[in-house]
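Position 1 is the first residue of the sequence; numbering continues from there.
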Amino acid sequence: MIKITLRIGLAALVLIGSLNSAALAQGLFDPVISVNRAAITAYELEQRERFLEILQRSSGMAQRARDSLIEDRLKMAAADRASIKLSATQVTKAMEDFAGNANLGLDQLLASLAQSGVDAQTYRDFIKVGVTWRELVRARFAARSAPSEAEIDRALASAGAQGGVKVLLTEIVLPAGSAEELNRARQTAERLGRITSTADFSEQARRLSVAQSRVNGGRLEWANLSDLPDGLRPIISGLRPGQITKPLEVTNAIVLFQLRDVAETTAQSPEVAAIEYARLSGPAEAVQTAVQMADTCDDFYGAVKADPALSFKIHSESPDQISQALSLRLMGLDKDEFDAVPTSEGDQAEIVMLCARVYAALEDVSRGQVADNLRSARISSLADGFLAELRASADIVYH
């Protein structure tokens, strides 16, 4: 009788354990969001959040993970209606290309993601949606994206040998090193984006910005449009004086620019071939002391020799090698000017100083290249509008 009771007890424990495991798995794969009845599970949401944190090298990606998965469902449904499907070979090739951009093989990237708790299917889904959406928008908007000859002429006039464009900007850099700061910065940026007065925006820069330009109310000097970072150039060129960019999220900061004025130049602005800049980091007090002693980039060598706690290096890179966050900081600096780089550690500091800009010889701008750039920008704008329409008409339910 004792043996029978013991066996029943063991069987009950096994059954309870199985039920608990099943309940846990069921909760993990339960839908948390439905997009036109297409489910997004808790597991997918967790995976996408982890993946975005790796890509962005930042935490606090929960909202972005939700938004991106919702958009994925909308994009794939639109592609299905247009009968656009990728083959397994196309998806694998796109996965390999993405890995190659990080100088990794596909197996190496998948292994690295696995160590961070991201499975291969999460990566595959992310790549598949991106490539499928590109194919869809090309097919849908190709006929509407071709620029006219007059549009190409105007673009050549502003970027080619006939002349150039200069812009006058005001910047606000909001700190966003922690998840709490990021959320607060997003709310502040949304409020700042509604400002219509250049004086009010400048006053907010003086109060809120962490950039060196805050002492001037965030006002930057005239800058050649061609000198702006590649990702920022089309954004600024689409503004009218008084308008403000959407919040630009970079590492540990959110940046906004307001266009104050635009001017055409009679000669083409030379292209920046390389940017030489110095980075100095270390304990905040030591960095502050070094800055007070240095008037040029080379002056930092003496400060670093006197204090081993400091780290210093001079870089020379082409603009496309420099991250967007750093490009935005360098953009507002003249030779031998410095600015603080936002950090998440309170007792550490880092500054960047512009040593020199090296300009390339002027070359004629290809008419075909200008047409391709205009076509790409138009397709991107049409795609953003199409996605906004899909989301506005979607039935999105949060469970």
Side-chain angles (χ1 to χ4, degrees), residues 28-86 90-91 94-95 97-98 101 113 118-142 144-145 176 179 182-183 185-187 189-190 193 231 234-235 238 245-250 254 324 376-399:
L28 194 58
F29 292 99
D30 275 349
V32 291
I33 306 172
S34 294
V35 183
N36 294 332
R37 298 186 178 180
I40 297 171
T41 67
Y43 180 72
E44 288 179 287
L45 191 58
E46 178 190 49
Q47 283 282 299
R48 179 59 62 90
E49 184 176 355
R50 288 184 184 181
F51 182 59
L52 291 179
E53 286 177 348
I54 294 170
L55 286 185
Q56 302 293 329
R57 297 182 181 179
S58 177
S59 59
M61 292 288 135
Q63 184 59 50
R64 187 171 296 184
R66 282 191 288 272
D67 290 340
S68 66
L69 283 171
I70 290 171
E71 290 176 356
D72 283 2
R73 295 296 188 271
L74 296 172
K75 290 175 180 178
M76 293 304 289
D80 286 342
R81 291 192 294 272
S83 299
I84 293 178
K85 296 184 183 298
L86 301 182
Q90 287 176 298
V91 176
M95 293 170 68
D97 291 343
F98 188 92
N101 291 334
L113 291 174
V118 177
D119 63 37
Q121 189 61 45
T122 296
Y123 174 61
R124 175 179 289 274
D125 291 343
F126 177 82
I127 296 298
K128 182 179 180 180
V129 172
V131 179
T132 302
W133 179 247
R134 281 201 302 273
E135 293 297 320
L136 172 61
V137 297
R138 284 173 184 167
R140 185 180 179 91
F141 300 119
R144 297 168 55 188
S145 64
L182 178 60
N183 290 331
R186 284 173 174 167
Q187 295 173 2
E190 183 179 357
I235 297 174
T245 63
K246 292 181 179 179
L248 306 173
E249 295 193 10
V250 297
I254 291 181
Q324 184 186 42
S376 177
R378 184 164 297 170
I379 286 179
S380 178
S381 177
L382 290 169
D384 289 343
F386 180 41
L387 182 58
E389 290 176 12
L390 292 175
R391 182 151 190 167
S393 60
D395 180 20
I396 302 173
V397 178
Y398 296 88
H399 300 287

Show the nearest heavy-atom pair for residues [X] and [Y], with the distance to one decimal.
X      : Y     : answer
Leu52  : Ser68 : CD1-OG, 4.1 Å
Thr122 : Arg48 : CG2-N, 4.4 Å
Glu53  : Met61 : CG-CG, 3.6 Å
Arg73  : Ala38 : CD-CB, 4.1 Å
Val32  : Leu45 : CG2-CD2, 4.2 Å
Leu86  : Val91 : CB-CG2, 3.9 Å

Interatomic distance, [X] atom [atom1] to [Y] atom [atom2] [nearest 0.5 angstrom]:
X      : Y      : atom1 : atom2 : value
Glu49  : Gln63  : CD    : CD    : 10.5 Å
Leu74  : Glu389 : CG    : CD    : 12.0 Å
Phe126 : Leu69  : CZ    : CG    : 10.5 Å
Arg134 : Leu136 : CZ    : CG    : 12.0 Å
Asp80  : Lys85  : CG    : NZ    : 4.0 Å
Glu71  : Leu387 : CD    : CG    : 4.5 Å

Check step by step if side chain to side chain donor-acceptor pair (under 3.5 Å) holds for Gln121 and Arg124.
CA-CA 5 Å; Gln121 189 61 45; Arg124 175 179 289 274; 4.6 Å; no
Would you say [X] and [Y] make side-chain contact, with heavy atoms under 4.5 Å?
X      : Y      : result
Arg37  : Val397 : no
Arg64  : Glu249 : yes
Arg144 : Leu382 : yes
Ile396 : Ile70  : yes
Arg391 : Asp67  : yes
Val137 : Arg140 : no

For Met76 and Thr132: C-alpha separation, side-chain torsions, deciding distance, then whether side chain to side chain contact (heavy atoms under 4.5 Å, CB included) applies.
CA-CA 7 Å; Met76 293 304 289; Thr132 302; 4.0 Å; yes
Check this for me: does any side-chain nitrogen of one of Glu190 and Arg186 sit under 4.0 Å from a carboxylate oxygen of the other?
no
Donor-acceptor pair, distance only, cut-off 3.5 Å: does the side chain of [X] make one with the backbone of [Y]?
X      : Y      : result
Gln47  : Asp119 : yes
Tyr123 : Val118 : no
Asn36  : Asp395 : yes

Within the supplied structure, the quantity of interest is the number of heavy atoms (other residues, nucleotides, ligands) at a distance under 6.0 Å from Lys128 NZ; does it exceed 12?
no
